[in-house]
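Chain letters run A, B, ... following the sequence lines, proteins first and then strands; every chain starts at 1.
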Amino acid sequence: MPHDLPKAYDPTAIEDHWAEYWVRENLFAQPVVTSAAQGESADGQPQFSILLPPPNVTGRLHMGHMLNQTEMDILTRWGRMSGRRALWLPGTDHAGIATQMMVERQLTAEGTSRQKLGREAFVERVWEWKRHYGGAILDQMKRLGASVDWGREYFTMDERLSVAVREAFVKLHEQGLIYRGAYIVNWCPRCQTAISDLEVVYDEHKGHLWEIRYPVHGDDGRETGEYLTIATTRPETMLGDVAVAIHPEDERYLHLQGKKLGLPLGDIRKAWREIPIILDDWVSRDFGTGAVKVTPAHDPNDFALGQRHHLPSINVMDDTAHINENGGVYAGLDRYAARKRIVEDLEAQGLLAAVKDHTNNVGHCDRCKTVVEPRLSTQWFVKIQPLADKAIEAVEKGHIKFTPEMYAKTYFEWMRNIHDWCISRQLWWGHRIPAWHCAVCHKITVSRLDPTHCTHCNSDQITQETDVLDTWFSSGLLPVSVFGWPGITPENRADFDTFYPTSLLVTGFDILFFWVARMIMLGCWFAGDVPMPDGSPRSLADSVPFKEVYIHALVRDANREKMSKTKGNVIDPIEIVKQYGTDAVRFTLASMASPGTDIAFNVERTEGYRAFANKVWNAARFIFMNLDRAAEVGIESPFKVLRGRKGPGGREINLLFNLPFLGGEIPLADRWILAALYKTSGEVNEALENYRFDEAAAAIYQFFWGSFCDWYLEIVKLRLDVSKTPSDEELKQRELTEEEEKALERNAIATGALHTLLFVFESSLRMLSPFMPFITEEIWHAVFDGNPPAKSIALARFPRPREGSATLAPVIEEMALLQSLIVEVRGLRKEVGVEEKAAVPIELRADAGLKKIAQENHDIIERLARVSEIRFVEAITAGLPMHHAANFDVAVVYERTIDVPAERERLAKDIAKYEKGLVAAERQLGNEGFLARAPLQVVEGLKKQEAETRHLLEKALATLKALPPDGS
RNA sequence: GGGCGGUUAGCUCAGUUGGUUAGAGCGCCUGCCUUACAAGCAGGAUGUCGGGGGUUCAAGUCCCUCACUGCCCA
């Protein structure tokens with residue numbers, strides 16, 4: 001019996017079941033579109049498409065993923081429930097370096113290595129690893145209920161995606177945008193590959209600045225006895241020095257112009273190389289001694305300097321950062337060992353002028369944290385400027401919108417200072433570059449299909465390039481490649497036309513450049529070549545990979561510290577989910593996800609939202625209890641009555657329009673809760689349109705707990721009294737008794753109440769569902785007794801504000817009056833110490849409007865404020881404890897003596913507040929400028945407020961005066 | 001060094017194009033096991049909106065400046 005819910009909500013009891021159900025039933029599949037479509041299906045259904053930022057295949061789910069996925073899931077579920085053709089497309093990234101490292105570590109543990117295995121066997125081994133363990137992170141996603149289309153899951157090394165990678169490379173090559181050359185790149189000696197600028201993380205290191213004396217040579221090549229002292233942080237690179245540079249206006253050294261220096265290496269002075277002194281205004285006169293050594297092969301600035309001055313480059317290190325044969329006597333030493341030896345040798349020769357403490361920024365490999373070695377090497381590059389220009393234009397023209405907008409600035413800053421992209425990696429795991437070297441003519445053949453002969457000399461002595469492509473090259477192509485590019489034909493293009501450009505990208509700022517910018521560049525570049533369905537050329541607006549980018553914050557720990565393994569403050573989402581339930585964790589993340597602010601994840605907050613889930617659960621129990629009671633006396637559930645009815649087009653019916661009770665007199669509370677529901681759904685829609693997950697969550701929370709549970713459920717209890725009535729058969733035999741007649745009337749009232757109750761509750765579930773998919777699914781099925789109108793609440797419609805819902809605003813105001821009356825009475829009772837359980841009479845002086853409301857809803861006041869009788873009066877009986885509001889005065893008729901000093905204090909506080917407000921209001925109202933320039937409604941509002949405040953002040957003063965002296 | 005943020009209640013954060021007496025959650029205090037929920041209900045306290053200056057009829061909101069702080073890039 002689905003109505004039989006346990007007293008406390010236990011997420012673990014239901015979540016696995018639904019997570020598994022959603023996958024098994026394939027509920028979120030969005031099959032490949034085959035008929036003509038352009039952003040809309042034939043029936044005009046708008047699309048909502050979103051790509052999951054593919055986690056590394058080696059990845060484990062962390063809090064950042066969960067935030068990212070929660071946001072995407074909320075938007076996708078909301079879009080789907082709002083009638084959009086929603087596609088959330090999942091996949092994983094082959095993650096070149098990370099994955100290779102992981103498998104290499106395994107090999108090391110097994111006492112072997114990738115070199116021993118050989119390339120082919122190694123790659124096969126990685127595939128094997130991927131098949132075994134690669135799905136872990138997606139399995140975790142499944143557990144979290146992500147509503148992705150699992151049928152479209154991709155892996156960046158899949159055949160079809162590899163085709164796209166090759167096409168992109170070849171095309172760029174044909175367009176002259178790919179070149180190969182020897183440049184300074186960031187080299188990781190541990191990974192033994194080049195890495196891109198972005199993969200280098202800088203860290204401050206306390207090091208030294210060594211000042212070294214280089215002997216000045218005369219024209220005859222002999223030492224003049226003079227020395228030029230240079231400063232360096234990396235003495236070991238001296239081995240590759242080809243010059244010393246000074247600033248052209250540095251008068252300290254100008255006399256040395258044109259002279260040469262001996263490079264003091266090794267103990268045989270005669271063997272020292274001679275290097276020139278060059279002038280360049282790049283040199284900073286303030287740094288060190290103002291003279292710097294120039295090592296083009298091991299420093300990017302020096303490389304540029306070398307280019308300008310046509311200097312040679314001497315590479316002195318091998319792939320593992322050991323000194324190579326160019327390092328003479330130091331060959332074979334590790335770079336740090338070489339540094340030590342060189343410094344010692346210099347000192348021994350009296351050439352070390354000074355050693356100073358110095359803090360410098362040292363680049364580390366993003367993956368393995370090894371200190372990166374800038375190193376001259378031959379790599380493949382993308383000439384990025386033409387792609388960047390388009391990508392800049394796309395954002396400038398608003399074809400792509402960033403939220404928060406601030407990130408557009410960051411994007412422009414980077415894009416406008418972009419460097420060519422080093423796309424080759426000396427790895428084995430990845431997309432191998434489709435280029436073949438010819439052993440005969442030494443030229444390169446780049447080809448879509450594996451060639452057998454050199455295209456230049458037709459030799460068959462060709463071998464494929466051993467380098468693979470940067471992982472981001474393939475992930476940067478995803479928005480086009482997942483929808484069929486480059487194989488788009490008139491016959492199969494419907495899917496691409498439907499979903500490209502995708503609607504949105506949700507991601508963290510940490511991959512803004514790595515991935516987001518690259519997708520924009522590659523997407524604009526390649527999609528731009530795909531004609532529109534009607535054959536016309538594609539505009540830039542239609543070429544972008546996504547129309548919007550939402551950048552979310554970082555999830556930190558409760559103390560705002562970054563989560564890191566070394567700090568040991570990492571929160572495992574799966575653990576926290578086990579403890580509090582997925583829904584509560586999702587709601588926590590959503591409610592804290594205000595744009596631009598990092599999230600300090602605090603389990604106390606999660607505890608609060610677990611309580612919220614429990615609240616929802618118990619509201620369901622309450623409603624079910626009453627439905628069951630009603631059923632016992634023959635009143636059918638409103639949904640049972642309507643079962644099987646469908647609206648136009650076979651869509652799920654909006655039940656409210658069919659509710660019979662709406663024809664008659666609707667009680668204030670019912671009109672109010674409906675108005676509040678519509679208002680809230682409008683707020684949630686607006687908030688989600690603007691990625692304000694926090695506001696959306698707050699609106700639902702406030703509505704469900706603050707309005708529906710705290711007020712409506714309490715009020716409706718008055719109308720849920722049902723009893724057995726005679727059957728139709730019996731009534732043919734006899735007349736109704738007076739009692740039975742009353743019972744029938746009560747049952748009719750209860751039926752109306754149940755209609756509103758169930759309708760509002762079921763609507764709330766749909767509204768809450770994108771945020772808390774599990775509990776809402778569970779209860780929703782129970783609402784329909786296990787026979788719901790759709791397979792899942794996720795396929796039902798999201799509540800929309802009804803047209804004309806603005807006219808419901810007066811209802812909200814009316815109800816607010818009733819609520820404030822009740823709140824005042826409760827406060828009064830508390831102040832004068834009425835026992836919780838006792839019901840007392842009240843005196844109420846009210847204007848006509850409130851009087852009518854109070855009369856019509858006297859039973860509500862009596863129950864919610866525990867009032868035995870409402871006495872409407874012209875003036876409150878002197879001496880009774882009373883409160884004033886703008887529209888009424890109210891007093892409790894209670895004999896117990898009030899706490900005079902406390903009451904006096906309270907009134908004094910009120911009076912001070914009123915006086916302060918009054919002074920401010922009067923000052924402003926006396927200001928000619930204000931009256932003349934402020935909008936009318938502001939002036940009117942202030943006047944009204946001033947009058948109310950004056951009224952309240954007078955009342956409070958009178959009450960204070962009427963108080964008996966202390967101690968009475 | 002260049003760029004971009006932040007500073008509002010004890011804590012974590014909202015606060016729209018300037019407009020009525022600055023809000024929420026958590027925490028805190030008081031009283032209640034009122035048969036949906038003690039993971040609950042009711043009531044309550046708490047702010048020189050980082051400092052200073054300016055613009056304006058009106059500033060948490062716009063401008064300048066100082067302090068502190070975070071991030072990105074080099």
* Asked: Do the side-chain N or O atoms of A/Tyr411 get closer than 4.0 angstrom to the phosphate oxygens (OP1, OP2) of B/G3?
  -> no
* A/Glu373 with A/Arg234: basic N within carboxylate O range, under 4.0 Å -> yes
* Asked: Please give, in whole Å, the distance from B/C41 P to A/Asn618 CG?
  -> 10 Å
* Report the residues that fulfil side-chain contact (heavy atoms from CB on, under 4.5 Å) with A/Asn626, sequence neighbours left out, ordered by chain and then residue number. => A/Phe622, A/Arg629, A/Leu720, A/Leu754
* Write out all pairs satisfying salt bridge (Lys or Arg N to Asp or Glu O under 4.0 Å) with one or both partners inside residues 697-717 of chain A, taking only residues at least two apart or from two chains. => A/Glu714-A/Lys717
* To do: Return no unless some side-chain N or O of A/Lys409 is found under 4.0 Å from OP1 or OP2 of B/C72.
  => no
* State which of B/A36, B/A42, B/G25 makes the closest approach to the side chain of A/Met625. => B/A36
* What parts of residues 702-710 of chain A reach RNA chain B, counting only heavy atoms under 4.0 Å away? -> A/Trp705, A/Cys709, A/Asp710
* To do: Would you mind classifying the nucleic acid contact of A/Tyr701 as base, sugar-phosphate or nothing, using non-hydrogen atoms under 4.0 angstrom?
  => sugar-phosphate
* **C1' atoms of B/U17 and B/G1, separation to the nearest Å** => 37 Å
* **With sequence neighbours excluded, residues passing side-chain contact (heavy atoms from CB on, under 4.5 Å) with A/Ala696** => A/Val684, A/Ala687, A/Leu688, A/Phe771
* Asked: What's the closest nucleotide to the A/Glu836 side chain, out of B/C32, B/C26, B/C73?
  -> B/C32
* Do A/Lys7 and B/C37 have a side chain to base donor-acceptor pair shorter than 3.5 Å? -> no
* When we call it a touch if two heavy atoms are under 4.0 Å apart, what does A/Arg826 touch: a base, just sugar-phosphate, or nothing? -> sugar-phosphate
* To do: For A/Ala619, report the nucleic acid contact type (base, sugar-phosphate, nothing); a contact means any heavy atom under 4.0 Å.
  => base
* To do: Look at all strands and tell whether A/Arg829 reaches a base, only sugar-phosphate, or nothing, counting heavy atoms closer than 4.0 Å.
  => nothing
* Asked: So what does A/Leu512 touch, heavy atoms closer than 4.0 Å: a base, only the sugar-phosphate, or nothing?
  -> nothing
* Just jot down the salt bridge (Lys or Arg N to Asp or Glu O under 4.0 Å) partners of A/Glu695, sequence neighbours excluded, or say none. => A/Arg692
* To do: Applying side-chain contact (heavy atoms from CB on, under 4.5 Å), name anything that partners A/Lys401, two or more places apart in sequence or on another chain.
  => A/Thr403, A/Glu548
* Structure fact -> Applying the Watson-Crick and G-U criteria (both distances under 3.5 angstrom) with [ ] for crossing and | for other-strand pairs, one obtains for RNA chain B (((((((..((((.....[...)))).(((((.......))))).....(((((..]....)))))))))))).
* When rounded to the nearest Å, what value does the distance between C1' atoms of B/U8 and B/A14 take? -> 10 Å
* Return the value, rounded to whole Å, for the distance between atom CD of A/Glu413 and atom C1' of B/C71. => 14 Å
* Taking only the side-chain heavy atoms of A/Glu714 (C-beta and beyond), determine which of B/C37, B/C72, B/U12 contains the nearest atom. => B/C37
* A/Lys615 side chain: which of B/G43, B/C71, B/C41 is closest? -> B/C41
Can you name the atoms? Protein N/O to nucleotides 15-21 of chain B N/O, anything below 3.5 Å, with the distance.
{"from": "B/G15", "atom 1": "OP1", "to": "A/Arg692", "atom 2": "NH1", "distance (Å)": "3.0"}
{"from": "B/G19", "atom 1": "N2", "to": "A/Gln924", "atom 2": "NE2", "distance (Å)": "3.4"}
{"from": "B/U20", "atom 1": "O3'", "to": "A/Gln945", "atom 2": "OE1", "distance (Å)": "3.4"}
{"from": "B/U20", "atom 1": "O2'", "to": "A/Gln945", "atom 2": "OE1", "distance (Å)": "2.4"}
{"from": "B/U20", "atom 1": "O2", "to": "A/Gly941", "atom 2": "O", "distance (Å)": "3.0"}
{"from": "B/U20", "atom 1": "O2", "to": "A/Gln945", "atom 2": "OE1", "distance (Å)": "3.0"}
{"from": "B/U21", "atom 1": "O4", "to": "A/Thr949", "atom 2": "OG1", "distance (Å)": "2.6"}

Result block: side-chain N/O donor-acceptor pairs under 3.5 angstrom for residues 609-620 of chain A, not counting sequence neighbours:
{"from": "A/Tyr609", "atom 1": "OH", "to": "A/Ser591", "atom 2": "OG", "distance (Å)": "3.1"}
{"from": "A/Tyr609", "atom 1": "OH", "to": "A/Arg605", "atom 2": "NE", "distance (Å)": "3.4"}
{"from": "A/Tyr609", "atom 1": "OH", "to": "A/Arg605", "atom 2": "NH2", "distance (Å)": "3.4"}
{"from": "A/Asn614", "atom 1": "OD1", "to": "A/Tyr9", "atom 2": "N", "distance (Å)": "3.0"}
{"from": "A/Asn614", "atom 1": "OD1", "to": "A/Asn618", "atom 2": "ND2", "distance (Å)": "3.4"}
{"from": "A/Trp617", "atom 1": "NE1", "to": "A/Pro6", "atom 2": "O", "distance (Å)": "2.7"}
{"from": "A/Asn618", "atom 1": "OD1", "to": "A/Arg621", "atom 2": "NH1", "distance (Å)": "2.7"}
{"from": "A/Asn618", "atom 1": "ND2", "to": "A/Lys7", "atom 2": "O", "distance (Å)": "3.4"}
{"from": "A/Asn618", "atom 1": "ND2", "to": "A/Asn614", "atom 2": "O", "distance (Å)": "3.0"}

* To do: Counting heavy atoms from C-beta on, name the nucleotide in B/U34, B/A36, B/U12 closest to the side chain of A/Met592.
  => B/U12
* Asked: A/Arg621 side chain: which of B/G25, B/C37, B/G3 is closest?
  -> B/C37
* Anything under 30° is parallel, anything over 60° is perpendicular, the rest tilted; go ahead and classify A/Tyr407 against A/Phe509. => parallel
* Atom pair distance, as rounded to whole Å: CZ in A/Phe509 and C1' in B/C4 -> 12 Å
* **For A/Trp421, all residues meeting ring pair (Phe, Tyr, Trp, His ring centres under 6.0 Å), sequence neighbours excluded** => A/Phe473
* Which whole number of Å gives the distance between the P atom of B/U30 and that of B/C71? -> 41 Å
* **With sequence neighbours excluded, residues passing salt bridge (Lys or Arg N to Asp or Glu O under 4.0 Å) with A/Glu396** => A/Arg416
* So, A/Glu683 and A/Lys679, do they make that salt bridge, N to O below 4.0 Å? -> yes
* To do: Output the single nucleotide from B/G3, B/G5, B/C72 whose closest atom is nearest the side chain of A/Met406.
  => B/G5
* To do: Taking the six-membered ring for Trp and the single ring otherwise, decide whether the centroids of A/Tyr550 and A/Tyr691 are under 6.0 Å apart.
  => yes
* Go through B/A39, B/C72, B/G25 for me and flag the one nearest to the A/Tyr609 side chain. => B/G25
* Using the test side-chain contact (heavy atoms from CB on, under 4.5 Å), find all partners of A/His419 that sit at least two apart in sequence or belong to another chain. => A/Asp197
